[in-house]
Amino acid sequence: MGLLSKKATCNTHGQDSSYFLGWEEYEKNPYDEIKNPDGIIQMGLAENQLSFDLIESWLAKNPDAANFKREGQSIFRELALFQDYHGLPSFKKAMADFMSENRGNRVSFNPNKLVLTAGATSANETLMFCLADRGDAFLLPTPYYPGFDRDLKWRTGAEIVPIQCTSANGFRITKSALEEAYEQAQKLNLKVKGVLITNPSNPLGTTTTRTELNHLLDFISRKKIHLISDEIYSGTVFTSPGFISVMEVLKDRKLENTDVFDRVHIVYSLSKDLGLPGFRVGVIYSNDDFVVSAATKMSSFGLISSQTQYLLSTLLSDKTFTKKYLEENQIRLKNRHKKLVSGLEAAGIECLKSNAGLFCWVDMRHLLKSNTFEAEIELWKKIVYEVKLNISPGSSCHCNEPGWFRVCFANMSEETLKVALDRLKGFVDGPSSTRRSQIEHQRLKNLRKMKVSNWVFRLSFHDREPEER
(Lines give C-alpha, C1' and ligand atoms only; values in the text may rest on other atoms or scores of the structure.)
Protein backbone atom coordinates (compact mmCIF):
# COMPACT_ATOMS: atom_id res chain seq x y z
CA MET A 1 0.00 0.00 0.00
CA GLY A 2 2.92 2.33 0.71
CA LEU A 3 3.81 2.30 -2.99
CA LEU A 4 0.38 3.64 -4.00
CA SER A 5 -0.77 7.25 -4.16
CA LYS A 6 -2.96 8.86 -1.51
CA LYS A 7 -5.73 9.10 -4.11
CA ALA A 8 -5.62 5.35 -4.72
CA THR A 9 -5.79 4.50 -1.01
CA CYS A 10 -8.20 7.20 0.23
CA ASN A 11 -11.77 6.37 1.21
CA THR A 12 -13.53 9.36 -0.31
CA HIS A 13 -15.00 7.66 -3.37
CA GLY A 14 -18.30 7.13 -1.56
CA GLN A 15 -18.40 3.42 -2.34
CA ASP A 16 -19.29 2.67 1.30
CA SER A 17 -22.58 4.60 0.98
CA SER A 18 -25.75 2.56 1.50
CA TYR A 19 -26.63 3.60 -2.06
CA PHE A 20 -23.76 1.52 -3.46
CA LEU A 21 -23.92 -1.18 -0.77
CA GLY A 22 -27.46 -2.00 -1.90
CA TRP A 23 -26.16 -2.57 -5.42
CA GLU A 24 -23.50 -4.93 -4.08
CA GLU A 25 -26.11 -7.01 -2.27
CA TYR A 26 -28.22 -7.16 -5.43
CA GLU A 27 -25.25 -8.33 -7.50
CA LYS A 28 -24.67 -11.20 -5.06
CA ASN A 29 -28.26 -12.42 -5.40
CA PRO A 30 -30.00 -10.90 -8.46
CA TYR A 31 -33.66 -11.68 -9.06
CA ASP A 32 -34.57 -13.72 -12.12
CA GLU A 33 -38.13 -14.79 -12.81
CA ILE A 34 -37.00 -18.32 -13.76
CA LYS A 35 -33.49 -18.90 -12.40
CA ASN A 36 -33.70 -17.03 -9.09
CA PRO A 37 -37.28 -16.01 -8.21
CA ASP A 38 -36.31 -15.41 -4.56
CA GLY A 39 -33.46 -13.04 -5.44
CA ILE A 40 -33.17 -9.32 -4.78
CA ILE A 41 -35.07 -7.05 -7.18
CA GLN A 42 -33.06 -4.01 -8.27
CA MET A 43 -35.10 -0.87 -7.56
CA GLY A 44 -32.07 1.31 -6.84
CA LEU A 45 -30.94 1.77 -10.43
CA ALA A 46 -32.34 4.67 -12.48
CA GLU A 47 -32.33 3.05 -15.92
CA ASN A 48 -34.92 3.51 -18.64
CA GLN A 49 -35.67 0.14 -20.22
CA LEU A 50 -39.22 0.91 -21.30
CA SER A 51 -38.60 1.96 -24.91
CA PHE A 52 -35.77 -0.20 -26.21
CA ASP A 53 -38.12 -1.69 -28.81
CA LEU A 54 -38.51 1.71 -30.46
CA ILE A 55 -34.76 2.09 -30.92
CA GLU A 56 -34.36 -1.55 -32.01
CA SER A 57 -37.08 -1.05 -34.62
CA TRP A 58 -35.27 2.03 -35.95
CA LEU A 59 -31.98 0.12 -36.15
CA ALA A 60 -33.64 -2.67 -38.11
CA LYS A 61 -34.94 -0.12 -40.63
CA ASN A 62 -31.63 1.76 -40.83
CA PRO A 63 -28.90 -0.91 -41.03
CA ASP A 64 -26.32 1.44 -42.59
CA ALA A 65 -26.01 3.39 -39.33
CA ALA A 66 -25.03 0.35 -37.27
CA ASN A 67 -22.90 -1.08 -40.09
CA PHE A 68 -20.88 2.16 -40.42
CA LYS A 69 -22.05 2.90 -43.93
CA ARG A 70 -23.02 6.15 -45.63
CA GLU A 71 -25.24 5.87 -48.70
CA GLY A 72 -24.33 2.20 -48.90
CA GLN A 73 -20.56 2.80 -48.79
CA SER A 74 -18.39 1.73 -45.84
CA ILE A 75 -16.91 4.52 -43.73
CA PHE A 76 -15.27 2.12 -41.29
CA ARG A 77 -11.74 3.37 -41.95
CA GLU A 78 -12.82 7.00 -41.63
CA LEU A 79 -14.40 6.31 -38.22
CA ALA A 80 -11.56 4.06 -37.06
CA LEU A 81 -9.03 6.87 -37.56
CA PHE A 82 -11.12 9.78 -36.27
CA GLN A 83 -9.58 11.18 -33.03
CA ASP A 84 -10.57 14.86 -32.95
CA TYR A 85 -11.71 15.61 -29.39
CA HIS A 86 -14.03 18.33 -30.70
CA GLY A 87 -16.23 15.49 -31.96
CA LEU A 88 -18.02 14.77 -35.22
CA PRO A 89 -19.70 18.01 -36.41
CA SER A 90 -22.75 16.02 -37.56
CA PHE A 91 -23.18 14.51 -34.09
CA LYS A 92 -22.80 17.83 -32.26
CA LYS A 93 -25.43 19.41 -34.51
CA ALA A 94 -27.77 16.45 -34.00
CA MET A 95 -27.30 16.65 -30.21
CA ALA A 96 -27.91 20.42 -30.15
CA ASP A 97 -31.09 20.00 -32.22
CA PHE A 98 -32.32 17.12 -30.01
CA MET A 99 -31.74 19.19 -26.86
CA SER A 100 -33.85 21.96 -28.39
CA GLU A 101 -36.58 19.51 -29.39
CA ASN A 102 -36.57 18.09 -25.86
CA ARG A 103 -37.37 21.59 -24.60
CA GLY A 104 -40.22 22.20 -27.03
CA ASN A 105 -37.91 24.21 -29.33
CA ARG A 106 -38.42 27.17 -26.99
CA VAL A 107 -34.63 27.56 -26.83
CA SER A 108 -31.86 26.71 -29.27
CA PHE A 109 -28.34 25.45 -28.69
CA ASN A 110 -25.19 26.36 -30.61
CA PRO A 111 -23.22 23.18 -31.51
CA ASN A 112 -19.97 25.15 -31.13
CA LYS A 113 -20.72 25.60 -27.41
CA LEU A 114 -21.16 21.86 -26.83
CA VAL A 115 -18.39 19.78 -25.28
CA LEU A 116 -18.68 16.00 -25.67
CA THR A 117 -17.91 13.82 -22.65
CA ALA A 118 -18.12 10.16 -21.73
CA GLY A 119 -21.44 10.50 -19.92
CA ALA A 120 -22.85 13.01 -17.44
CA THR A 121 -20.48 11.77 -14.72
CA SER A 122 -17.54 12.98 -16.78
CA ALA A 123 -19.37 16.20 -17.70
CA ASN A 124 -20.02 17.16 -14.08
CA GLU A 125 -16.48 16.35 -12.98
CA THR A 126 -15.01 18.29 -15.91
CA LEU A 127 -17.08 21.33 -14.95
CA MET A 128 -15.79 21.05 -11.39
CA PHE A 129 -12.22 21.09 -12.70
CA CYS A 130 -13.06 24.16 -14.80
CA LEU A 131 -14.94 26.16 -12.16
CA ALA A 132 -13.49 25.21 -8.76
CA ASP A 133 -10.11 24.75 -7.15
CA ARG A 134 -9.38 22.17 -4.46
CA GLY A 135 -11.21 23.20 -1.30
CA ASP A 136 -13.77 25.41 -3.09
CA ALA A 137 -17.44 24.55 -2.60
CA PHE A 138 -20.61 24.07 -4.60
CA LEU A 139 -24.05 24.30 -3.00
CA LEU A 140 -26.48 21.44 -3.75
CA PRO A 141 -30.16 21.24 -2.73
CA THR A 142 -31.05 18.19 -0.67
CA PRO A 143 -31.90 15.46 -1.25
CA TYR A 144 -29.41 14.94 -4.09
CA TYR A 145 -28.05 12.10 -6.21
CA PRO A 146 -25.61 10.07 -4.04
CA GLY A 147 -23.13 9.75 -6.91
CA PHE A 148 -22.36 13.46 -6.70
CA ASP A 149 -20.20 12.78 -3.65
CA ARG A 150 -17.98 10.84 -6.03
CA ASP A 151 -18.45 12.79 -9.27
CA LEU A 152 -17.92 16.28 -7.85
CA LYS A 153 -15.48 15.68 -4.99
CA TRP A 154 -13.33 12.57 -5.30
CA ARG A 155 -10.74 13.61 -7.87
CA THR A 156 -11.32 17.38 -7.92
CA GLY A 157 -10.99 18.07 -4.18
CA ALA A 158 -14.07 20.30 -4.32
CA GLU A 159 -16.54 20.32 -1.42
CA ILE A 160 -20.33 20.09 -1.28
CA VAL A 161 -22.41 22.22 1.09
CA PRO A 162 -26.08 21.18 1.27
CA ILE A 163 -28.98 23.54 0.65
CA GLN A 164 -31.41 22.12 3.22
CA CYS A 165 -34.83 21.54 1.65
CA THR A 166 -37.71 19.96 3.57
CA SER A 167 -40.94 18.05 2.99
CA ALA A 168 -42.89 21.00 4.44
CA ASN A 169 -42.95 22.60 0.97
CA GLY A 170 -42.26 19.51 -1.16
CA PHE A 171 -38.48 19.97 -0.93
CA ARG A 172 -38.58 23.18 -2.95
CA ILE A 173 -35.58 25.54 -3.08
CA THR A 174 -36.20 28.77 -1.16
CA LYS A 175 -34.36 32.08 -0.90
CA SER A 176 -33.70 31.51 2.80
CA ALA A 177 -32.31 28.01 2.22
CA LEU A 178 -29.87 29.36 -0.37
CA GLU A 179 -28.66 32.10 1.97
CA GLU A 180 -28.32 29.70 4.91
CA ALA A 181 -26.20 27.31 2.83
CA TYR A 182 -23.98 30.16 1.68
CA GLU A 183 -23.53 31.35 5.26
CA GLN A 184 -22.74 27.80 6.38
CA ALA A 185 -20.01 27.55 3.74
CA GLN A 186 -18.52 30.82 4.98
CA LYS A 187 -18.50 29.51 8.56
CA LEU A 188 -16.54 26.52 7.26
CA ASN A 189 -14.11 28.90 5.51
CA LEU A 190 -15.12 27.53 2.12
CA LYS A 191 -15.18 29.72 -0.98
CA VAL A 192 -18.48 29.13 -2.78
CA LYS A 193 -18.02 28.88 -6.55
CA GLY A 194 -21.53 27.92 -7.55
CA VAL A 195 -24.80 26.01 -7.20
CA LEU A 196 -25.57 22.69 -8.88
CA ILE A 197 -29.12 21.43 -9.36
CA THR A 198 -30.69 18.48 -11.13
CA ASN A 199 -33.74 19.49 -13.16
CA PRO A 200 -35.81 17.33 -13.18
CA SER A 201 -34.67 16.36 -9.70
CA ASN A 202 -32.93 13.13 -8.89
CA PRO A 203 -34.18 11.71 -6.48
CA LEU A 204 -37.46 13.67 -6.18
CA GLY A 205 -38.78 13.16 -9.71
CA THR A 206 -40.04 16.75 -9.83
CA THR A 207 -39.30 19.59 -12.24
CA THR A 208 -37.80 22.81 -10.94
CA THR A 209 -40.36 25.62 -11.00
CA ARG A 210 -39.87 28.95 -12.76
CA THR A 211 -39.96 30.62 -9.33
CA GLU A 212 -37.09 28.44 -8.10
CA LEU A 213 -35.08 29.09 -11.26
CA ASN A 214 -35.58 32.84 -10.80
CA HIS A 215 -34.43 32.55 -7.18
CA LEU A 216 -31.31 30.71 -8.36
CA LEU A 217 -30.47 33.23 -11.08
CA ASP A 218 -30.96 36.14 -8.68
CA PHE A 219 -28.79 34.36 -6.12
CA ILE A 220 -25.85 33.65 -8.46
CA SER A 221 -26.12 37.18 -9.78
CA ARG A 222 -25.79 38.66 -6.27
CA LYS A 223 -23.02 36.30 -5.20
CA LYS A 224 -21.22 36.38 -8.57
CA ILE A 225 -20.98 32.58 -8.74
CA HIS A 226 -21.87 29.83 -11.25
CA LEU A 227 -24.97 27.71 -11.79
CA ILE A 228 -24.79 24.18 -13.20
CA SER A 229 -28.12 22.73 -14.28
CA ASP A 230 -27.94 18.96 -14.75
CA GLU A 231 -30.84 18.30 -17.14
CA ILE A 232 -30.27 14.65 -17.99
CA TYR A 233 -33.91 13.76 -17.15
CA SER A 234 -35.44 16.56 -19.27
CA GLY A 235 -37.06 14.11 -21.70
CA THR A 236 -38.68 12.03 -18.95
CA VAL A 237 -41.32 14.61 -17.95
CA PHE A 238 -44.55 12.65 -18.35
CA THR A 239 -47.21 15.00 -16.98
CA SER A 240 -47.76 18.65 -16.11
CA PRO A 241 -46.21 20.91 -15.08
CA GLY A 242 -43.87 20.76 -18.06
CA PHE A 243 -40.10 21.05 -18.06
CA ILE A 244 -38.56 24.51 -17.92
CA SER A 245 -34.86 24.70 -18.74
CA VAL A 246 -32.76 27.39 -17.10
CA MET A 247 -31.87 28.47 -20.65
CA GLU A 248 -35.52 29.32 -21.21
CA VAL A 249 -35.62 31.53 -18.12
CA LEU A 250 -32.40 33.28 -19.16
CA LYS A 251 -33.96 34.00 -22.54
CA ASP A 252 -37.27 35.23 -21.07
CA ARG A 253 -35.40 37.57 -18.72
CA LYS A 254 -33.30 38.85 -21.63
CA LEU A 255 -30.08 37.89 -19.85
CA GLU A 256 -28.24 36.78 -23.00
CA ASN A 257 -24.82 38.36 -23.41
CA THR A 258 -24.61 39.23 -19.70
CA ASP A 259 -22.12 37.99 -17.12
CA VAL A 260 -24.89 35.88 -15.55
CA PHE A 261 -25.50 34.21 -18.92
CA ASP A 262 -21.83 33.23 -19.08
CA ARG A 263 -21.97 31.69 -15.60
CA VAL A 264 -24.77 29.24 -16.39
CA HIS A 265 -23.78 25.78 -17.65
CA ILE A 266 -25.91 22.78 -18.63
CA VAL A 267 -25.13 19.08 -18.39
CA TYR A 268 -27.02 16.61 -20.57
CA SER A 269 -26.70 12.99 -21.68
CA LEU A 270 -28.59 10.24 -23.49
CA SER A 271 -28.42 7.83 -20.57
CA LYS A 272 -31.91 8.53 -19.21
CA ASP A 273 -34.03 9.94 -22.03
CA LEU A 274 -32.91 7.32 -24.58
CA GLY A 275 -31.91 4.68 -22.02
CA LEU A 276 -28.33 4.43 -23.31
CA PRO A 277 -26.01 4.61 -20.24
CA GLY A 278 -23.66 2.05 -21.76
CA PHE A 279 -23.01 4.28 -24.77
CA ARG A 280 -21.38 6.86 -22.45
CA VAL A 281 -22.74 9.96 -24.16
CA GLY A 282 -22.72 13.23 -22.24
CA VAL A 283 -22.37 16.91 -23.05
CA ILE A 284 -21.52 20.20 -21.40
CA TYR A 285 -23.19 23.31 -22.79
CA SER A 286 -21.65 26.58 -21.69
CA ASN A 287 -22.00 30.18 -22.77
CA ASP A 288 -18.45 30.91 -21.58
CA ASP A 289 -15.91 30.42 -24.37
CA PHE A 290 -13.10 29.87 -21.86
CA VAL A 291 -15.05 27.06 -20.17
CA VAL A 292 -15.81 25.48 -23.55
CA SER A 293 -12.14 25.65 -24.53
CA ALA A 294 -10.83 24.21 -21.25
CA ALA A 295 -13.50 21.51 -21.05
CA THR A 296 -12.82 20.46 -24.65
CA LYS A 297 -9.13 19.95 -23.84
CA MET A 298 -10.04 17.95 -20.73
CA SER A 299 -12.48 15.81 -22.72
CA SER A 300 -9.54 13.99 -24.30
CA PHE A 301 -9.47 11.91 -21.07
CA GLY A 302 -12.98 10.64 -21.74
CA LEU A 303 -14.05 10.73 -25.37
CA ILE A 304 -17.14 9.27 -27.02
CA SER A 305 -16.10 6.74 -29.65
CA SER A 306 -16.46 7.89 -33.26
CA GLN A 307 -18.59 4.83 -34.03
CA THR A 308 -21.07 5.80 -31.30
CA GLN A 309 -21.15 9.39 -32.51
CA TYR A 310 -21.89 8.33 -36.08
CA LEU A 311 -24.65 5.91 -35.11
CA LEU A 312 -26.38 8.43 -32.85
CA SER A 313 -25.97 11.36 -35.23
CA THR A 314 -27.95 9.36 -37.77
CA LEU A 315 -30.61 8.36 -35.25
CA LEU A 316 -31.03 11.84 -33.73
CA SER A 317 -31.18 13.46 -37.18
CA ASP A 318 -34.30 11.42 -37.97
CA LYS A 319 -36.88 13.92 -36.67
CA THR A 320 -39.80 11.62 -37.39
CA PHE A 321 -38.24 9.06 -35.08
CA THR A 322 -37.22 11.45 -32.28
CA LYS A 323 -40.70 13.04 -32.16
CA LYS A 324 -42.39 9.65 -31.97
CA TYR A 325 -39.87 8.34 -29.43
CA LEU A 326 -40.20 11.27 -27.01
CA GLU A 327 -44.00 11.11 -27.12
CA GLU A 328 -44.26 7.34 -26.70
CA ASN A 329 -41.55 7.13 -24.05
CA GLN A 330 -43.34 9.75 -21.93
CA ILE A 331 -46.62 7.81 -22.21
CA ARG A 332 -44.90 4.62 -21.06
CA LEU A 333 -43.19 6.38 -18.17
CA LYS A 334 -46.51 7.88 -17.06
CA ASN A 335 -48.20 4.47 -17.10
CA ARG A 336 -45.37 2.78 -15.23
CA HIS A 337 -45.23 5.58 -12.65
CA LYS A 338 -48.97 5.17 -12.10
CA LYS A 339 -48.55 1.43 -11.48
CA LEU A 340 -45.87 2.02 -8.88
CA VAL A 341 -47.83 4.74 -7.08
CA SER A 342 -51.07 2.71 -7.01
CA GLY A 343 -49.20 -0.39 -5.82
CA LEU A 344 -47.57 1.57 -3.01
CA GLU A 345 -50.91 3.09 -2.04
CA ALA A 346 -52.36 -0.42 -1.77
CA ALA A 347 -49.62 -1.10 0.78
CA GLY A 348 -50.46 2.08 2.69
CA ILE A 349 -47.40 3.96 1.41
CA GLU A 350 -47.46 7.42 -0.16
CA CYS A 351 -45.05 9.26 -2.45
CA LEU A 352 -44.10 12.84 -3.09
CA LYS A 353 -46.22 14.02 -6.03
CA SER A 354 -43.92 13.84 -9.06
CA ASN A 355 -44.06 14.44 -12.81
CA ALA A 356 -40.71 13.24 -14.17
CA GLY A 357 -37.81 10.86 -13.79
CA LEU A 358 -37.48 7.10 -13.50
CA PHE A 359 -38.28 6.87 -9.78
CA CYS A 360 -40.52 8.03 -6.96
CA TRP A 361 -39.57 9.67 -3.66
CA VAL A 362 -41.36 7.37 -1.25
CA ASP A 363 -42.51 8.26 2.26
CA MET A 364 -41.99 5.39 4.71
CA ARG A 365 -41.72 7.50 7.84
CA HIS A 366 -44.68 5.68 9.38
CA LEU A 367 -42.74 2.39 9.16
CA LEU A 368 -39.81 3.63 11.28
CA LYS A 369 -39.47 2.50 14.90
CA SER A 370 -38.24 5.99 15.75
CA ASN A 371 -37.68 9.26 13.92
CA THR A 372 -33.95 8.64 13.46
CA PHE A 373 -31.57 7.80 10.65
CA GLU A 374 -30.56 4.68 12.59
CA ALA A 375 -34.17 3.51 12.34
CA GLU A 376 -34.16 4.36 8.61
CA ILE A 377 -31.10 2.17 7.99
CA GLU A 378 -32.65 -0.61 10.09
CA LEU A 379 -35.78 -0.49 7.91
CA TRP A 380 -33.67 -0.34 4.74
CA LYS A 381 -31.74 -3.46 5.79
CA LYS A 382 -35.00 -5.34 6.37
CA ILE A 383 -36.25 -4.33 2.93
CA VAL A 384 -32.99 -5.41 1.27
CA TYR A 385 -32.35 -8.66 3.19
CA GLU A 386 -35.88 -9.82 4.08
CA VAL A 387 -38.16 -8.31 1.46
CA LYS A 388 -35.31 -8.54 -1.04
CA LEU A 389 -35.80 -5.20 -2.74
CA ASN A 390 -32.88 -2.84 -3.25
CA ILE A 391 -34.12 0.71 -2.74
CA SER A 392 -32.09 3.79 -1.82
CA PRO A 393 -32.48 5.27 1.69
CA GLY A 394 -32.93 9.01 1.92
CA SER A 395 -29.85 9.38 4.10
CA SER A 396 -27.71 8.25 1.15
CA CYS A 397 -29.20 11.22 -0.73
CA HIS A 398 -28.39 13.52 2.22
CA CYS A 399 -32.07 14.06 3.02
CA ASN A 400 -32.36 15.74 6.42
CA GLU A 401 -35.58 13.87 7.32
CA PRO A 402 -35.41 10.12 8.07
CA GLY A 403 -37.86 7.76 6.41
CA TRP A 404 -37.76 8.77 2.73
CA PHE A 405 -36.57 6.34 0.03
CA ARG A 406 -35.94 6.52 -3.72
CA VAL A 407 -37.66 3.68 -5.59
CA CYS A 408 -36.99 3.15 -9.33
CA PHE A 409 -39.65 1.78 -11.68
CA ALA A 410 -38.33 1.87 -15.27
CA ASN A 411 -35.47 -0.66 -15.10
CA MET A 412 -37.62 -3.80 -14.92
CA SER A 413 -40.55 -5.51 -16.58
CA GLU A 414 -44.11 -4.84 -15.49
CA GLU A 415 -44.26 -8.39 -14.12
CA THR A 416 -41.16 -7.84 -11.98
CA LEU A 417 -42.63 -4.58 -10.65
CA LYS A 418 -45.74 -6.47 -9.60
CA VAL A 419 -43.62 -9.04 -7.74
CA ALA A 420 -41.78 -6.22 -5.98
CA LEU A 421 -45.00 -4.49 -4.94
CA ASP A 422 -46.52 -7.77 -3.72
CA ARG A 423 -43.43 -8.37 -1.60
CA LEU A 424 -43.58 -4.88 -0.13
CA LYS A 425 -47.28 -5.15 0.67
CA GLY A 426 -46.65 -8.51 2.33
CA PHE A 427 -43.98 -6.92 4.48
CA VAL A 428 -46.17 -3.98 5.51
CA ASP A 429 -49.18 -6.22 6.21
CA GLY A 430 -47.15 -8.98 7.88
CA PRO A 431 -46.36 -9.81 11.54
CA SER A 432 -43.81 -7.03 11.83
CA SER A 433 -46.55 -4.62 10.74
CA THR A 434 -48.81 -5.90 13.51
CA ARG A 435 -46.01 -5.34 16.00
CA ARG A 436 -45.45 -1.80 14.68
CA SER A 437 -49.18 -1.12 15.04
CA GLN A 438 -49.09 -2.38 18.62
CA ILE A 439 -46.13 -0.11 19.39
CA GLU A 440 -47.89 2.87 17.81
CA HIS A 441 -51.12 2.03 19.66
CA GLN A 442 -49.28 1.83 22.98
CA ARG A 443 -47.49 5.11 22.25
CA LEU A 444 -50.79 6.88 21.56
CA LYS A 445 -52.33 5.27 24.64
CA ASN A 446 -49.46 6.48 26.81
CA LEU A 447 -49.75 9.91 25.24
CA ARG A 448 -53.47 10.05 26.06
CA LYS A 449 -52.76 8.95 29.62
CA MET A 450 -50.14 11.66 29.92
CA LYS A 451 -52.54 14.27 28.60
CA VAL A 452 -55.27 13.13 31.00
CA SER A 453 -52.83 13.13 33.93
CA ASN A 454 -51.63 16.61 33.05
CA TRP A 455 -55.23 17.81 32.71
CA VAL A 456 -56.17 16.31 36.10
CA PHE A 457 -53.06 17.86 37.65
CA ARG A 458 -53.87 21.27 36.22
CA LEU A 459 -57.50 20.98 37.34
CA SER A 460 -56.64 19.89 40.89
CA PHE A 461 -53.86 22.48 41.04
CA HIS A 462 -56.18 25.36 40.16
CA ASP A 463 -58.92 24.03 42.53
CA ARG A 464 -56.59 24.27 45.53
CA GLU A 465 -56.38 27.19 47.88
CA PRO A 466 -53.25 29.30 47.48
CA GLU A 467 -51.65 27.91 50.66
CA GLU A 468 -52.14 24.36 49.39
CA ARG A 469 -50.26 25.00 46.15
Identify all side-chain donor-acceptor contacts of residues 41-50 below 3.5 Å with residues at least two apart in sequence or on another chain.
residue : atom : partner : partner atom : Å
Gln42   : OE1  : Gly44   : N            : 2.9
Gln42   : OE1  : Asn390  : ND2          : 2.7
Glu47   : OE1  : Gln49   : NE2          : 2.8
Asn48   : OD1  : Leu50   : N            : 3.2
Asn48   : ND2  : Lys272  : O            : 3.2
Asn48   : ND2  : Asn329  : OD1          : 3.1
Gln49   : NE2  : Asn411  : O            : 3.4

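- Looking at residues two or more places apart in sequence or on another chain, you find no side-chain hydrogen bond (donor to acceptor under 3.5 Å, both in side chains) involving Thr314.
- Listed by first and then second residue, the side chain to side chain donor-acceptor pair (under 3.5 Å) pairs that reach into residues 54-68 are Trp58-Asp318, sequence neighbours excluded.
- Contacts of Asn335 classified as side-chain contact (heavy atoms from CB on, under 4.5 Å), with partners at least two apart in sequence or in another chain: Ile331.
- Listed by chain and number, the residues in a side-chain contact (heavy atoms from CB on, under 4.5 Å) with Glu125 are Phe129, Arg155, Thr156 (sequence neighbours excluded).
- Pairs engaging residues 185-208 under the salt bridge (Lys or Arg N to Asp or Glu O under 4.0 Å) rule: Asp136-Lys193 [sequence neighbours left out].
- Annotation: salt bridge (charged side-chain N to carboxylate O under 4.0 Å, His left out) contacts of Lys113 (sequence neighbours excluded): none.
- For residues 346-356, no residue pair satisfies the salt bridge (Lys or Arg N to Asp or Glu O under 4.0 Å) rule, not counting sequence neighbours.
- Listed by chain and residue number, Arg253 satisfy the side-chain hydrogen bond (donor to acceptor under 3.5 Å, both in side chains) test with Asn214 (two or more places apart in sequence, or in another chain).
- Shown here are the side-chain hydrogen bond (donor to acceptor under 3.5 Å, both in side chains) partners of Lys297, two or more places apart in sequence or in another chain: there are none.
- Residues in residues 220-231 take part in these salt bridge (Lys or Arg N to Asp or Glu O under 4.0 Å) pairs, two or more places apart or across chains: Arg103-Glu231, Glu179-Arg222, Glu179-Lys223.
- Taking Lys93 as the reference, Asp97 meet the side-chain hydrogen bond (donor to acceptor under 3.5 Å, both in side chains) condition, with sequence neighbours excluded.
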